[in-house]
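See structure below.
Bear in mind the structure is a predicted one, so any value in this text is a computation, not a measurement. Along the sequence shown, residues are numbered consecutively beginning with 1.
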Amino acid sequence: MSPTIPIPPHDRPLTGGSPFPAIADYAFLSNCHTGALLAPDGSIEWLGVPRFDAPSMFGALLDRRAGSFRVGPYGMVVPLTVRYVPGTMVIETTWLTPSGWMVVRDGLTIGPWREQHGEEYGRTRPPTDQDADHMLVRVIECVQGSVQVEVICEPMFDYGRDPAQWTVPDGDWGVAEAKSADGQQIALHSDLRLGIEGSRARARHTLVEGEKRYVALGWGRGLDGPSDLQDAEQRLLYTEHYWREWLAGGRFPDHRWREHLHRSALTLKGLTYAPTGAMVAALTTSLPEAPQGERNWDYRYCWMRDATFTLWGLHALGFDWEADDFMQFVADLERNDDGSLQIMYGVGGERDLAESTLDDLGGYEGARPVRIGNGAYNQRQNDVYGAVLDSIYLHTKTGGHIPQRLWGVIKDQVQCALAVWDKPDQGIWEARGEPKHYVSSKLMCWVAADRGARLAEREGEDELAAQWQQTADEIREDILARGVSERGVFRQHYDTDALDASTLLIPLNRFLPPDDERVRNTVTAIADELTEHGLVLRYRTDETDDGLKGEEGTFLICSFWLVSALSEIGESTRASVLCERLLAHASRLGLFAEELDAHSGRHLGNYPQAFTHLALINAVLHVIADEESD
């Protein structure tokens, strides 16, 4: 007789509720080539190698059957604590079991430069003294009593479509190699005895007090791994020293919010692709902007729009080397036939980011479709020119060197902005509805002309500077004539009086002085009318044709913009209160996603989000400056 107890589907836990950890519960690991997300239960649930935008081999983040790599105590899934080793990107997880205490340290390791690094992954930036080891190292220690530990490594290559094929070379119980159908290879190294169970490698062992073990996954040339436990520990220690030494090179105020600046700086560095200097918008694809919604996008690319905030944040904290690398990445990029830059590129400068869906993946908590690629890459977004020009201008103001080859980029971006500023586009939010005359796009075309004129003057091109400044003045007049509603508030676009959080950039980009009545009206209107529980929406979805259905959460970057804008108009107390509230919504590891559900405080969207952390830095430094001026 068959059992009558229903068997739950694979994407529902036996205990009920969601089988997926909350987005904010994931820890972020990086070696500045790729990144991983570590779930609280000790499972790596997102990792693609060798670089950020590679197909995942651990993809349980988007489907519980798409691969994971767990190290943890047998029969337990909730740790006592998870923390970053201070000043690093190494995670330390502490477990309390009925029989003992165990600590696991995880890191995507970084080691001394080796010559073969230069032959891999299309490096264009000058090598430093350190580079990625191309391995994930996990060290396990029983600190009291005894703990039964298990290791389960189940790669599912190509976004969960290709189960691993394992072999054990030469009867060595400490090494197992896996390959995909198309020849991708990885190797699992451990001082535990490994066994093969179909598409997964597994080990189990009872640790006693004082005993340490390791397990590591390698994917670089030779599929290297640690030679022994001492080597594994040394690699993690070197990685910790690398991150601390890097962080020590920055400038941070002695303030109660300094740790938020530290973690944001480390996160931004972790989202940087060292071989080229590009910074990805986020580690992930298709984490939903609303539960079970369709607003799911691939953010594993480099947006030109982020350029200004990237350069500002890096320079403001003293990381001039990284700022220069990003500037050189921009100079390297292949442009369109008219000389313009695309709105986004791959981390290696790739232009074709064609979008497709992975219909065999169930999505995070059922949010579908799961997308790879981003169809917005060939949209017309007129704000991109201003973002690029503002970043170059900022770089020169902070003493950065502008190579001669960048002057052609400058001229082309200004000319493109002048050619399109009076035409409709998709806007900063990449709306998939009809093009509109978005105020923020006009604003950034003004930025392109204004900053271009300033740069031309620096180059001794006085005639060009005068010409560009004249057009900047024309754009300003147009915005002020058509982009302001009857109540003196900046519109989303010329055909509506709807609010849009992107107009908070008006005082931040110095379009108008902060004491201008229209600026004050706009900032206070957004604070009072475009918020949910005090947190800022991009826009009201029922007032905006963005080509999509459903609601979305409040955008964290917009809330941090509001902090900076409130500070600019002299509302320092209100800015400080909002900033403190936003920082309290950080994950327990100090990370932020793209959005926040204002009702529950739940993080939504791709994670961790570079743009959010960049805006955080700007907002926190605004508030600190206000406090120091009092």
Side-chain angles (χ1 to χ4, degrees), residues 27-31 34-45 47 58 68-74 76 79-97 99-112 130 132-153 173-176 186-194 201-220 223-244 270 589:
F28 169 46
L29 304 174
S30 174
N31 61 8
T34 190
L37 289 185
L38 175 66
D41 73 347
S43 296
I44 298 291
E45 295 196 352
L47 175 64
F58 301 127
S68 63
F69 176 17
R70 181 173 192 260
V71 174
Y74 180 78
M76 292 191 69
L80 185 65
T81 62
V82 181
R83 66 162 193 151
Y84 280 108
V85 175
T88 78
M89 294 289 286
V90 174
I91 285 289
E92 180 182 274
T93 305
T94 301
W95 295 87
L96 170 59
T97 75
S99 59
W101 292 72
M102 183 177 79
V103 175
V104 181
R105 287 188 302 141
D106 294 290
L108 287 168
T109 56
I110 294 171
Q130 300 88 18
D133 274 341
H134 308 302
M135 66 179 72
L136 169 67
V137 176
R138 320 187 72 177
V139 172
I140 316 153
E141 179 182 8
C142 178
V143 296
Q144 186 171 319
S146 63
V147 179
Q148 188 176 21
V149 65
E150 72 171 354
V151 174
I152 302 176
C153 182
W173 292 100
V175 179
I186 58 174
L188 191 66
H189 302 259
S190 183
D191 53 2
L192 298 170
R193 290 182 293 275
L194 301 170
R202 185 166 175 247
R204 55 188 177 187
H205 177 70
T206 300
L207 293 170
V208 297
E209 188 169 328
E211 184 180 4
K212 295 181 180 180
R213 296 285 181 155
Y214 81 92
V215 60
L217 189 72
W219 54 86
L223 303 180
D224 292 340
S227 57
D228 53 26
L229 174 63
Q230 182 179 2
D231 185 24
E233 290 191 297
Q234 183 59 38
R235 289 177 185 271
L236 282 179
L237 183 61
Y238 191 101
T239 302
E240 291 174 13
H241 285 181
Y242 167 82
W243 286 111
R244 286 175 173 151
L589 294 170

query = Arg213 side chain to Leu207 main-chain N or O, any donor-acceptor pair under 3.5 Å?
reply =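 Not confirmed, Arg213 side chain does not pair with Leu207 backbone.
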query = Is a side-chain donor or acceptor of Glu209 paired with a backbone partner of Gly145 at a separation under 3.5 angstrom?
reply =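 Confirmed, Glu209 side chain pairs with Gly145 backbone.
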inquiry  = What verdict does the side-chain contact (heavy atoms from CB on, under 4.5 Å) test give for Met76 and Met102, after you've listed the backbone C-alpha separation in whole Å, the side-chain angles of each residue and the deciding distance to 0.1 Å?
reply    = CA-CA 12 Å; Met76 292 191 69; Met102 183 177 79; over 6 Å; no
query = Using 4.0 Å as the upper bound for N to carboxylate O, is an ion pair formed by Glu92 and Arg83?
reply = yes
[X] and [Y]: which non-hydrogen atoms are nearest, and at how many Å?
| X | Y | value |
| --- | --- | --- |
| Tyr214 | Asp228 | CE2-C, 3.6 Å |
| Arg70 | Asp41 | NE-O, 2.8 Å |
| Thr109 | Leu236 | CG2-CD2, 4.1 Å |

Is there a side-chain contact between [X] and [Y] (heavy atoms, below 4.5 Å)?
| X | Y | value |
| --- | --- | --- |
| Phe28 | Leu589 | no |
| Asp224 | Met135 | yes |
| Thr88 | Thr239 | no |

key: Arg138 to Phe69, cation-pi by 6.0 Å centre distance and 45° axis angle   = yes
inquiry  = Could you check whether atom CZ of Arg204 has more than 12 heavy atoms from other residues, nucleotides or ligands sitting under 6.0 Å from it?
reply    = no
ask   = Considering the options Arg193, Glu150, Gln148, Glu211, which one meets the side-chain hydrogen bond (donor to acceptor under 3.5 Å, both in side chains) requirement together with His205?
value =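 Filter result, single survivor: Glu211.
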task = Kindly compute the distance separating OG (Ser43) from CG (Leu38), expressed to the nearest 0.5 Å.
result = 8.0 Å
